[in-house]
Amino acid sequence: MRAALMILLGLVIGVIGTANVMNALAARNPMPKAVMETMGYHVGELKNAIKARQCDPVKVQHHLARLESTASDITPVFGIDEKAFTDDAAQLQERLHQAVQAAPASCAAVAAAIKPVGETCKSCHQQYR
């Protein structure tokens with residue numbers, strides 16, 4: 001009986017210790033995920049506006065500007081010092097800058113403006129995700 005109790009106590013302590021270690025590892029750097037979630041939100045809002053055919057130029061410009069601003073955080077936040085990664089991040093920033101400068105006023109123009117952005121995101125995700 002005493003051995004079974006000690007084994008059970010050891011298992012409980014092990015589970016609690018493992019949970020604490022896993023939580024510490026998961027919380028080590030939340031920024032990369034936060035940057036991607038933020039960008040995903042703004043891209044999703046633009047896609048929803050296109051689907052609903054309600055592309056208010058002010059809202060579209062807001063989401064494009066937030067995407068451009070957030071994209072500038074990719075290289076420092078991820079800390080990947082590979083030329084291919086930094087080139088992809090720079091290309092994304094450039095395409096977002098072009099989209100902001102285009103100031104699309106119709107849903108067709110918004111779709112055309114974010115298409116190259118989506119292609120850049122897709123190529124980076126295929127390589128680094």
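When reading the values below, keep in mind they use all heavy atoms of this one structure, side chains included, and skip hydrogens, waters and symmetry mates.
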Heavy atoms from other residues, nucleotides or ligands near CD of Q54 exceed 12 (cutoff 6.0 Å): no
Mutual orientation of the aromatic rings belonging to F78 and F85 [parallel < 30°, tilted 30-60°, perpendicular > 60°]: tilted
E68 and its side chain to side chain donor-acceptor pair (under 3.5 Å) partner, picked from H42, Q98, H97: H97
Main-chain N/O of V117 paired to R95 side chain as donor or acceptor, under 3.5 Å: no
For D73, salt bridge (charged side-chain N to carboxylate O under 4.0 Å, His left out) partners two or more places apart: none
Heavy-atom pair with the smallest gap, counting every atom of T120 and S123: O-OG, 3.0 Å
Minimum heavy-atom distance V100-Q61, with the two atoms named: O-NE2, 3.0 Å
Separation between CD of Q91 and OG1 of T86, rounded to the nearest 0.5 Å: 11.5 Å
Exceeds 12 heavy-atom contacts within 6.0 angstrom, atom CG of N48: yes
Nearest-0.5 Å distance that lies between atom CG in D88 and atom OG1 in T75: 9.5 Å
Where L64 and A99 come nearest, the two heavy atoms and their spacing: CD1-O, 3.7 Å
Common cluster, V110/Y41, ILVMFWY with side-chain heavy-atom separation under 4.5 Å: no
Identified side-chain contact (heavy atoms from CB on, under 4.5 Å) partner of I16 from the options V12, T18, I13: V12
Within one Ile-Leu-Val-Met-Phe-Trp-Tyr cluster: M36 and I80, side-chain cutoff 4.5 Å: yes
Distance in Å, L46 CG paired with H62 NE2, rounded so as to fall on 0.5 Å steps: 9.5 Å
Spatial distance of atom SG (C121) from atom CG (L96) [nearest 0.5 Å]: 7.0 Å
Closest approach of A71 to L92 (non-hydrogen atoms, all atoms of both residues): CB-CD2, 4.1 Å
Nearest-0.5 Å distance, CD1 of residue I7 to CZ of residue R2: 13.0 Å
Minimum heavy-atom distance T38-T70, with the two atoms named: CG2-OG1, 3.9 Å
Contact summary for C55 and S106, nearest pair of heavy atoms: CB-C, 4.2 Å
Gap separating the CG atom of L5 from the CE atom of M1, nearest 0.5 angstrom: 6.5 Å
